Amino acid sequence: MNTDLLHAVVALIMCLSAGSDRGGGFAGGSDDCATPTPIAGTGLFPFDNSAATTGSQGQNEAICLQSGTNDIHRDIWYAWTPDVDGCATLDTCTMTNIDTRIAVYPGSGCPLDGTALACNDDSCGAQSELQVEVTAGTTYTIQLGTFPNTPGGPGSLSI
């Protein structure tokens, strides 16, 4: 079996399993940065942040200042471990109808202010796309949410 396909299948199973155990009605992603949903490798990771809350973490990132604000509302969190070194592209382009914002931080768990490695809003219409240098086997925290005061909804994150 193709190794990339195997990694994508395992990551999808992990994502779906974590979503069903967590409660709260979220598909993928955790509503709490202290317990981000673990994902690995590349693929499509489904989410639904319709009922997500807005935490205080990740709201003060200078590199997220776009369209007059650096806030990311209705945020859900992932602890992502890439399986290869290089430049990773994360995006929600054409995979949701909501106005997304994405930020990536080093490590797992709630980020400290000023530690975002990459952040994006509106790279492809109202959806987001960013690139970030990653190291295989190293964990990164992904914050996926919406532009302030816009509704959440279902979609997929592509890595």
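Note that this is a predicted model, so its numbers are computed, not measured. By convention here, the first residue in the shown sequence is residue 1.
Within the structure, side chain to side chain donor-acceptor pair (under 3.5 Å) contacts touching residues 95-110 (residues at least two apart or in different chains) are Thr92-Thr100, Thr100-Ser128, Arg101-Asp121, Tyr105-Gln143. Listed by first then second residue, pairs satisfying salt bridge (Lys or Arg N to Asp or Glu O under 4.0 Å) with a partner in residues 33-42 number zero, not counting sequence neighbours. Every pair passing side chain to side chain donor-acceptor pair (under 3.5 Å) that includes a residue from residues 131-142 is listed here, sequence neighbours excluded: Thr81-Thr139. Applying the salt bridge (Lys or Arg N to Asp or Glu O under 4.0 Å) test to pairs two or more places apart or on separate chains, none has a residue in residues 86-97. Residue pairs meeting the disulfide (SG to SG under 2.5 Å) criterion with at least one member in residues 127-159: none, sequence neighbours excluded. Counting only residues at least two apart or on different chains, no disulfide (SG to SG under 2.5 Å) pair has a member in residues 128-159. Sorted pairs that involve residues 61-75 and meet salt bridge (Lys or Arg N to Asp or Glu O under 4.0 Å), not counting sequence neighbours, are lacking altogether.
For the atom pair Glu129 CD and Asn120 CG, the distance stands at 7.5 Å (nearest 0.5 Å).
Looking at residues two or more places apart in sequence or on another chain, you find no side chain to side chain donor-acceptor pair (under 3.5 Å) involving Asp122. Checked against side chain to side chain contact (heavy atoms under 4.5 Å, CB included), Asn70 has the following partners two or more places apart in sequence or in another chain: Cys64, Leu65. Applying the side chain to side chain contact (heavy atoms under 4.5 Å, CB included) criterion to Ala136, with sequence neighbours excluded, gives Asp85. With sequence neighbours left out, the side chain to side chain contact (heavy atoms under 4.5 Å, CB included) criterion links Ile63 to Ala116, Cys119.
Asp32 and Ser30 share no donor-acceptor pair across their side chains, judged by distance under 3.5 Å alone.
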Would you tabulate the side-chain donor-acceptor contacts of residues 145-159 under 3.5 Å, counting partners in other chains and residues two or more places apart, or write 'none'?
unit_1	atom_1	unit_2	atom_2	d
Thr146	OG1	His73	O	3.4
Thr146	OG1	Thr150	O	3.4
Thr150	OG1	Phe147	O	2.7

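One hydrophobic cluster, built from ILVMFWY side chains closer than 4.5 Å, holds both Ile76 and Leu130.
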